[in-house]
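Quick notes on the structure that follows.
Both backbone and side-chain heavy atoms feed into the values below; hydrogens, waters and symmetry mates do not.
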Amino acid sequence: MELIKKKKILLLELLGFLILNVLTFCMAAKHIATVDWIVKETSYTRLCSTKKILTVNGLFPGPPMYMRRGDRLNINVRNKGKYNVTIHWHGVKQLRNPWSDGPNYVTQCPIKPGANFTYEIVLSNEEGTLWWHAHSDWSRATVHGALIVLPQLGKSYPFAKPHKEFPIVLASWFKGDVMEIIETALESGAEPNKSDAFTINGQPGDLYNCSKQGTFKLVVDYGKTYLLRIINSIMNEEMFFMVAKHSLTVVGTDGAYIKPIKTSYIMITPGQTMDVLITANQAPSHYYIASRAYAGVVYDNTTTTAIVQYSGKYTAPSTPSFPNLPNYTDTNAVTNFTRRLRALATKDYPVDVPQHVDTRMYITISVNTLPCDDNSCDGPNGSRVSASLNNISFVEPSIDVLQAYYKRIKHVYESDFPNEPPYYFNFTGDNLPDTLLTPDQGTKAKVLDYNSTVEIVFQGTNVQNAAENHPMHLHGYSFYLVGYGFGNFNKKTDRKKFNLVDPPEVNTIGVPTNGWAAIRFRADNPGVWFMHCHLERHSSWGMDTVLIVKNGRTRLSSMLPPPRQLNPC
């Protein structure tokens, strides 16, 4: 009897232990919500004509997402459109989880019409304004939206809480079908058609035909301060942005805070985001918000507008005040703004800039040409327009690089992307020889050891006299912009000028026209990560590569296994 009693006590204790552990697990486990998105064709009227565009849930821009620092969220994307699609969560590091990063044929095969895929968005230390967009062909022209990462509950901004917040999404509008535009250009070898307008929150604004009625209006109360979460989702142009007679204070960029910058304008590249405070301290009236391109090569040179409209009773002006935007060639305005970016660098928002570097890369950025039989293409001198990094024009593989890496599938990519260009010349000189025009083609990746420190110097070139400001974006990471300048990078003198104290932590940088930019980061996120120019035509031409970060020695420093469902190629 005593033995039976002891066994009962042991069973009860074991049962209690199990129940306690189950309850503890349930309390500790965080429920991950799942949201359904439908990608579909939707009719929109802009610039006096109606066409069908690809949208998420019928919206242009797409639905804004609101999360908190450290959150997770599942989004099930159902493709009811007529084109393949993927979604990228731009600026989300996706720690150990490249399977949900999104770039077509890099980390996944596309979601085909009629299929679906569930993305798991894993936030870590991101805080501020990010965004999401399609990452397949040119579908991101209309498939994009804001991703707002709020502080954790109980935490506040490192600045006074604004009265209200507004996402401001800059985008491109094409009268034609954007997918047909890029397909035609790639087939012919020519430049793609430029956009017909820029938009602010889906509307072109007063300066375009048939657009005044829909102009986006930002209604404000006198004396209140507002947070504008500005996103450049434009396809091919960096943009100046101003509000007439109002000062702007930039407090964040790319999901990280910076030392406040008081300015009359900003310059924001495709891929970048900026958190900007504005105080309604002018005489109650209407004031134009205006944005137009900064470009060394003129592309779409139109201006999009919105209106800041004060509440209350007053006589509205027949024409709102208009800001004095910098000229589209004003490189000094770009430099004067960019050089002021500094990380907040406080106890709550520290920086960790690598002081020692394990791997150094020097990457040239060029617009090239490829020869065509009988000079039959529509590019320069009968060639096909191309682009490259270190003279290698990226070729999209038939299955995604991540799957090939994880499953060790051969002949999909090569792991020999070089640390430096194949030959040196005066990269930013005028009238460079034609021998520099033709790049190699290949699907090449750079392999990095886990937790190694990396420095990349991006060197702009003037091949084809086509120097531009190139917004370079790295998936899976934020990095520190430690230096930049004009001309050819000098490793002996320029490196001594690096800011290793409070450089801004960003995920997209504009490499100056005929200049260079240097970044540093620690390769502590294992996986396969795309690196590319965010001017969409350049990426389509091959201005891309892949970084593969190997696993560490522990489970928590290793890439997660793939989800149960992977889309077939």
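Residue Lys217 places its NZ atom among more than 12 non-hydrogen atoms of other residues, nucleotides or ligands, all under 6.0 Å distant. Asn327 CG: more than 12 foreign heavy atoms inside a 6.0 Å radius. The number of heavy-atom neighbours closer than 6.0 Å to CG of Asn125, taken from other residues, nucleotides and ligands shown, is above 12.
Note: Lys112 NZ to Asn84 CG = 7.0 Å, rounded to the nearest 0.5 Å. Atom-to-atom distance recorded for Ser136:OG and Tyr105:OH is 10.0 Å, nearest 0.5 angstrom. Between atom NZ of residue Lys259 and atom CG of residue Asp502 there is a gap of 3.5 Å, rounded to the nearest 0.5 Å. Taken to the nearest 0.5 Å, the CD1 atom of Ile148 stands 5.5 Å off from the CD1 atom of Ile231. Here Gln272 contributes atom CD and Trp131 contributes atom CH2; the two are 11.0 Å apart, rounded to the nearest 0.5 Å. Here Leu186 contributes atom CG and Thr184 contributes atom OG1; the two are 9.0 Å apart, rounded to the nearest 0.5 Å.
A donor-acceptor pair is defined here as one N or O able to donate and one able to accept, closer than 3.5 Å; such a pair exists between the side chain of Thr86 and the backbone of Gly102. A donor-acceptor pair is defined here as one N or O able to donate and one able to accept, closer than 3.5 Å; such a pair exists between the side chain of Thr461 and the backbone of Ile365. Without hydrogens or angle criteria, Ser539 side chain to Glu536 main chain gives no donor-acceptor distance under 3.5 Å. Between the Ser264 side chain and the Ser247 main chain, no donor and acceptor come within less than 3.5 Å of each other. With hydrogens and angles ignored, the 3.5 Å screen pairs a side-chain donor or acceptor of Asp177 with a backbone N or O of Glu180. A donor-acceptor contact shorter than 3.5 Å links the side chain of Asn201 to the backbone of Pro167. Of the possible polar contacts, none joining the Tyr157 side chain to the Pro162 backbone as a donor-acceptor pair under 3.5 Å is found. A distance-only check finds no donor-acceptor pair linking the side chain of His246 to the backbone of Ala280 [under 3.5 Å]. In this structure, the side chain of Ser393 engages the main chain of Ala387 through a donor-acceptor pair within 3.5 Å. A donor-acceptor distance shorter than 3.5 angstrom exists from the side chain of Asn462 to the backbone of Ala467, with no hydrogens or angles considered.
Nearest heavy atoms, Ser321 versus Ala244: O-CB, 3.2 Å. Residues Ser233 and His144 share a closest heavy-atom pair of OG-NE2, 3.4 Å. Thr269 approaches Pro471 most closely through the heavy-atom pair OG1-CB, 3.5 Å. The heavy-atom pair separating Ile258 from Leu341 by the smallest distance is CD1-CD2, 3.8 Å. What you find for Phe159 and Val251 is that their closest heavy atoms are CE2-CG2, 3.5 Å. Smallest separation of non-hydrogen atoms from Lys52 and Ser43: CG-OG, 3.6 Å.
Contact annotation: the side chain of Leu432 never approaches that of Phe427 to less than 4.5 Å [non-hydrogen atoms, C-beta and beyond]. Asn236 places none of its side-chain heavy atoms less than 4.5 Å from the side chain of Pro270. Contact check for Pro439 versus Trp541: no side-chain heavy atoms found under the 4.5 Å cut-off. Between Val334 and Pro512 there is no side-chain heavy-atom pair separated by less than 4.5 Å. Contact of the Thr513 side chain with the Tyr294 side chain is registered, since non-hydrogen atoms from C-beta on lie closer than 4.5 Å. Counting heavy atoms from C-beta outward, Ile278 and Leu248 have side chains that approach closer than 4.5 Å. Gln464 has its side chain within reach of Leu437: a pair of non-hydrogen atoms, C-beta onward, lies under 4.5 Å apart. The shortest distance between side-chain heavy atoms of Trp529 and Thr107 does not fall below 4.5 Å.
Using a 4.0 Å cut-off between charged side-chain N and carboxylate O, Glu41 and Lys82 make no salt bridge.
Just one of Asp206, Thr305, Thr215 meets the side-chain hydrogen bond (donor to acceptor under 3.5 Å, both in side chains) condition when paired with Tyr288; it is Asp206. Checked against Gln459 for a side chain to side chain contact (heavy atoms under 4.5 Å, CB included), the options Ile363, Thr364, Asn514 give a single hit: Thr364. A side chain to side chain contact (heavy atoms under 4.5 Å, CB included) with Tyr265 is found for exactly one of Pro326, Pro323, Ser291, namely Pro326.
For the residue pair Asp137/Ser139, the side-chain donor-acceptor check at 3.5 Å is not satisfied.
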| request: Test His532 against His475 for ring pair (Phe, Tyr, Trp, His ring centres under 6.0 Å), laying out the working first. | output: CA-CA 9 Å; His532 63 98; His475 293 220; 5.3 Å; yes
| request: Verify side-chain hydrogen bond (donor to acceptor under 3.5 Å, both in side chains) between Thr304 and Thr199, making sure each step is shown before the conclusion. | output: CA-CA 6 Å; Thr304 181; Thr199 61; 6.0 Å; no
| said: As a quick check of understanding, evaluate ring pair (Phe, Tyr, Trp, His ring centres under 6.0 Å) for Tyr287 and Tyr310, giving each step before the final call. | reply: CA-CA 9 Å; Tyr287 299 88; Tyr310 279 67; 5.7 Å; yes
| task | Report the C-alpha distance between Thr273 and Thr129 in whole Å, list the side-chain angles of each, state the deciding distance to 0.1 Å, and finish with yes or no for side-chain hydrogen bond (donor to acceptor under 3.5 Å, both in side chains). | result | CA-CA 6 Å; Thr273 67; Thr129 304; 5.3 Å; no
| said: Arg68 vs Leu123, test: side-chain contact (heavy atoms from CB on, under 4.5 Å). Steps then yes/no. | reply: CA-CA 8 Å; Arg68 290 194 179 274; Leu123 295 179; over 6 Å; no
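Ring pair Tyr226/Phe166 is tilted by interplanar angle, where 30° to 60° counts as tilted. Ring-plane geometry between Trp173 and Tyr44 is classed as tilted, the angle between the planes lying from 30 to 60 degrees on a 0 to 90 degree scale. Relative orientation of the His133 and His88 rings is perpendicular, given thresholds of 30° and 60° on the angle between their planes. Using cut-offs of 30° and 60° on the angle between ring planes, the pair His538 and His470 is tilted. Below 30°, between 30° and 60°, or above 60°: for Trp89 and Tyr119 the angle between ring planes is above 60°, a perpendicular geometry.
Not less than 6.0 angstrom separates the ring centroid of Tyr83 from the ring centroid of Trp138. The distance between the ring centers of Phe240 and Tyr328 does not fall below 6.0 angstrom.
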